[in-house]
Each structure stands twice: as C-alpha cells, then as structure tokens.
2 protein chains.
Amino acid sequence: MSNSKFKYEEIIESIKHKISTNVYKDNDPLPSETALCAEYGASRITVRKAISVLLSEGHLYSIQGKGNYIKNVKKNKFSMRYSCKTIFNNGYDEAKLISSSLVTPDVYMVYNLNIAPNERVVALKWLIYEDGLPIAYDEKYLPYFAGINISEKSLKYKDFSDLVKNKISVYEMYQDLRIKGVNADADVAEKLRIPVGSILMLVELNVYDQSGLPFGWGKLYILPDKTRFFARTE
Amino acid sequence: MSNSKFKYEEIIESIKHKISTNVYKDNDPLPSETALCAEYGASRITVRKAISVLLSEGHLYSIQGKGNYIKNVKKNKFSMRYSCKTIFNNGYDEAKLISSSLVTPDVYMVYNLNIAPNERVVALKWLIYEDGLPIAYDEKYLPYFAGINISEKSLKYKDFSDLVKNKISVYEMYQDLRIKGVNADADVAEKLRIPVGSILMLVELNVYDQSGLPFGWGKLYILPDKTRFFARTE
DNA sequence: CAGTGGTCTAGACCACATT
DNA sequence: ATGTGGTCTAGACCACTGG
C-alpha cells in the first residue's frame with residue numbers, strides 16, 4: 001500500500017487519502033498535533049514536518065491556538081512563465097529599439113503609473129523581428145524617477161524585471177500581467193505592416209514595488225500566430 | 001534594522017539580503033548548516049527551518065551530501081486562476097448544453113486524448129450566454145472510459161476538474177492550459193452569431209492523470225471583449 | 001574517510017483561543 | 001485553566017558526496 005520511505009511521508013499520504021475519500025471534509029479540523037503523534041506513533045516534530053508540507057501545498061490551513069483545518073484543493077490554480085525570451089513561439093532574431101524618449105504622460109500613463117500629469121515618463125519602444133519581418137511591437141513606460149538612462153546605447157531588449165533590477169530589489173517587486181485579444185489600431189498596424197483591424201495579442205504588464213507604487217507599465221502586441229500562452233496546474 | 005520577530009526569520013532576512021547584495025551569487029554554496037548555526041547562534045533545527053522556507057520560495061536548492069546552493073530568483077513565474085466561474089469578465093447568465101453524444105474521434109481528438117481511432121469519445125458542447133446573447137462556445141471531449149454519463153440530465157456547465165472528480169482524485173490530476181487568438185470558423189461563427197473570421201480567444205485545456213494519461217480535452221471560444229486573463233508573480 | 005544534508009527523537013516555553 | 005499551534009533547544013543516526 002504505502003510507497004513512502006519516511007514516516008512523515010506516510011503521514012502526508014494518509015492525510016491526503018482521508019481528504020480524497022472524504023473522511024476529512026472541507027474546513028474539518030484535523031486532529032490535534034498531539035493526537036496525530038499518538039495516531040502515527042511519531043514525535044511532534046515529525047507530525048509538524050508532515051503538516052508543514054500539507055500547508056505549503058495548500059491542503060491545510062492553520063489557526064494558532066485553534067487547530068489545523070482541511071482546505072479543499074481547488075484545481076484551478078495555474079502557473080505560467082512569462083519572459084521576452086519565451087513568449088515567442090520560435091524566439092526572435094532581433095529586437096530594434098525604435099525610440100527612447102522622455103514624454104508627457106497621456107491619461108493611460110497617468111492611470112497605470114499613478115503619476116501626476118506634470119511628471120515625465122520614460123518611453124521605450126521596440127520592434128521585434130523574425131526572418132526580417134516584424135512580429136511584435138513593445139512599448140514600455142517608466143516613471144522618470146525609476147532612474148533609467150534613456151541615452152544608454154546598450155538598451156537591449158529585456159524584461160521589465162531586468163530593466164529595473166538595479167533600482168529595485170527583486171524581493172520588493174511584483175508584476176501583474178493581462179492578456180487580451182485586440183484589433184490593431186493605425187499606429188500599431190503600420191509598425192507591424194498589417195491591415196488596420198487585424199487581430200493581435202496584447203500582453204500588458206504592470207510592475208510594482210512592495211508598497212504598491214507602480215514602477216513600470218508595458219504593452220506588447222504580438223501577431224497571434226507567433227505566440228502562445230501556456231500554463232499548468234501546480 | 002531587523003523587523004523580524006523570530007530567529008529563523010532573521011536568518012531568512014539575512015540570507016536574502018546577502019543574495020540581493022551579491023554577497024551570495026547564483027549557484028554559490030550556502031555555508032553549511034553547522035556553519036550557519038555558529039554564525040547565527042541558532043540550533044540546526046532553527047537554521048533548517050529558515051532554509052526550508054528559502055527552499056520552498058525557490059531561493060535555494062539542495063544537493064544531499066553536498067550542500068545548499070543559491071538559486072537566483074527569476075521573476076518570471078506568474079500564477080493565474082482559471083475556472084468557468086471566473087473566466088468571464090461579467091460572469092454569465094446561463095449555459096446551455098447544446099449536445100452530448102458519443103462520437104468517432106477526428107485526428108485532433110486522437111491526438112489530444114491519445115486514444116485509438118476505433119475508440120469512442122464523449123463530446124459535450126455548451127453555449128454560454130450573457131444578456132440573452134451567446135458570448136462563448138465550449139467543447140469538451142473525454143475518452144469513453146472516463147465514465148461520464150452523457151444521458152445525465154444534470155450536466156451542468158462546470159470545470160473539467162469537477163466533471164471528472166468522481167473518476168479521478170484531484171491529487172492525481174494535472175491540467176495544461178493554452179491561450180491563443182484565433183479567427184472564427186464557420187461552425188463557431190454561426191453558433192456565436194458573429195461573422196466568419198472574427199477574432200476569438202481560444203482557451204484549450206488538456207487534463208491528465210498522474211501517469212500522463214489524457215482524461216479530457218476542451219476548447220473554449222470566447223468573444224475577446226468578454227474575457228481577460230490575469231496573472232500575478234508569486 | 002570526513003563532511004554534508006535528511007530524518008527523527010524528547011522536552012521546553014511561548015502566544016493565542018476557548019471555556 | 002486548558003488545549004492548541006509556533007518556536008527553539010541538544011543530540012542522535014542515516015544516506016549521500018567527494019577526495
């Protein structure tokens with residue numbers, strides 16, 4: 001029956017089995033740690049090791065002073081990787097920086113970067129090519145205080161996290177990503193040499209520091225057959 | 001300096017600080033656990049508690065018999081929730097099962113369900129409505145052995161994981177999700193009452209058991225302005 | 001072989017929640 | 001006051017790695 005090598009693995013297996021056979025139901029209290037020690041003939045540390053795994057996997061939740069409780073696993077949490085290296089089906093041959101400038105924000109920048117209308121915004125625009133043809137158009141906006149040097153000639157195409165990593169620790173950064181299907185407007189259509197109204201995938205990215213202050217906003221338009229998004233349950 | 005309440009939190013904070021200030025670089029070995037005990041004046045269990053947190057957060061990796069090593073956090077891992085309850089911007093009013101039948105598989109079903117051409121496939125098709133108008137079209141395919149009762153009148157619109165949850169434990173299931181932009185073909189266009197060639201968001205879902213055996217394949221076509229995908233770094 | 005991480009123990013004290 | 005989970009300790013043995 002049991003394939004587990006260690007005592008704590010057997011406890012995990014047993015508890016998972018009791019959850020999946022409805023012996024333990026959602027929000028039921030797990031037996032107390034001392035009770036589990038007796039049930040499995042293990043020390044409290046071993047029991048807690050098992051519980052810590054189940055906690056980290058999301059099968060339990062704890063309330064100090066009360067107990068550990070069953071949390072029904074919803075199998076709807078997916079994880080995906082997103083980076084400029086992986087977003088294109090076949091990668092890309094080159095990325096050209098077509099402009100880097102200090103601009104007056106429009107309403108979208110004021111909204112997404114949470115800045116005052118009189119502040120300035122660093123705007124970076126790239127075209128990404130495959131086989132000599134543009135396959136994607138990338139706009140990135142950063143508040144001027146984020147400290148990017150726009151005269152920098154070495155502005156290689158890179159992810160937001162790399163762009164700002166010297167200004168903000170990766171531990172103090174989080175990102176929101178939104179995927180939509182949109183129709184190309186005149187500007188983007190011309191840049192990508194496609195008819196106005198063609199469908200494009202739009203990936204918007206907002207970068208924040210730990211306190212929630214926006215550090216960047218990006219829009220990436222991609223020809224729909226040049227990209228795909230892939231996510232998997234954890 | 002330190003806001004941490006507990007000794008193990010201070011150790012975590014200290015190690016994270018050394019990573020972000022490049023004292024510890026990618027793939028550097030962390031000092032041995034006994035060395036860390038001495039450095040922080042803590043027992044091995046407390047040191048291991050800190051290390052276990054850093055391991056679970058992906059800042060370290062371990063090789064038994066060798067040591068613990070620094071893993072540079074790539075901030076490109078996003079997590080998203082996907083379920084038929086949350087995928088629509090404004091939810092949906094109703095979902096009509098428009099057909100449930102046993103069909104002979106086409107090449108895509110043979111491929112995605114990894115079945116033989118002479119096996120049978122359960123096909124379920126739904127239309128999802130908002131304000132009386134169709135906003136999405138859902139096709140789900142399951143190998144016949146998956147044991148869904150197609151005559152079941154109570155085939156409510158639900159996620160794959162709910163559809164098969166009595167046949168397969170949630171602990172033995174994983175799902176792959178792919179998002180694409182596509183042009184509506186004649187069949188889908190007619191069902192959704194839109195012009196052929198209109199852009200649609202296509203969400204494909206493959207469900208597997210733990211051994212990798214396919215348990216289901218689904219295609220969900222959604223009007224692009226009725227949905228959005230949202231992911232956040234962990 | 002020595003050094004490393006992985007598991008496991010008994011026992012202690014604290015913070016929190018309920019009665 | 002009692003029971004709960006949360007932290008911490010010292011000490012032991014095992015499995016794995018490398019020289």
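Throughout, protein chains are lettered first and strands after them, A, B, ... in sequence-line order, and every chain is numbered starting at 1. All figures in this text were calculated on a predicted structure; none of them were measured in a lab.
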On the nucleotide [N], are OP1 or OP2 found under 4.0 Å from the side-chain N or O atoms that [X] carries?
{"X": "B:Thr46", "N": "D:dT9", "result": "yes"}
{"X": "B:Tyr8", "N": "D:dC8", "result": "no"}
{"X": "A:Lys7", "N": "C:dT9", "result": "yes"}

Inset, instruction - State plainly whether the residues A:Lys140 and A:Asp138 are in salt-bridge range, i.e. N to O under 4.0 Å. - result: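 The answer is yes: the pair qualifies as a salt bridge.
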
Legend entry - Ion pair A:Glu204/A:Lys219, N-O distance below 4.0 Å: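 Between A:Lys219 and A:Glu204 there is no salt bridge, as every charged N stays at least 4.0 Å from the carboxylate O atoms.
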
Inset, instruction - State, with a plain yes or no, whether a side-chain heavy atom of B:Leu220 is found less than 4.5 Å away from one of B:Leu202. - result: no

Inset, instruction - Check whether any side-chain heavy atom of B:Arg228 sits under 4.5 Å from a side-chain heavy atom of A:Ile179, and report yes or no. - result: no

Nearest-Å distance for atom pair [atom1]/[atom2], residues [X] and [N]:
{"X": "A:Tyr69", "N": "C:dT18", "atom1": "OH", "atom2": "C1'", "answer": "10 Å"}
{"X": "B:Lys49", "N": "C:dC8", "atom1": "NZ", "atom2": "P", "answer": "17 Å"}
{"X": "B:Tyr61", "N": "C:dG5", "atom1": "OH", "atom2": "C1'", "answer": "14 Å"}
{"X": "A:Ile45", "N": "C:dA12", "atom1": "CD1", "atom2": "C1'", "answer": "11 Å"}

Inset, instruction - State which of C:dT9, C:dT7, D:dT7 makes the closest approach to the side chain of B:Phe6. - result: D:dT7

Legend entry - Pi-cation contact, A:Tyr129 with A:Lys96 (under 6.0 Å, within 45°): yes

Inset, instruction - Would you kindly check if the NZ (Lys) or CZ (Arg) of A:Lys71 is within the cone defined by 45 degrees around the ring axis of A:Tyr61 and under 6.0 Å from the six-membered ring centre? - result: no

Close N or O pairs between protein and nucleotides 1-5 of chain D (under 3.5 Å):
from: D:dG3; atom 1: N2; to: A:Gly65; atom 2: O; distance (Å): 2.9
from: D:dG5; atom 1: OP1; to: A:Asn68; atom 2: ND2; distance (Å): 3.4
from: D:dG5; atom 1: OP2; to: A:Glu33; atom 2: N; distance (Å): 2.9

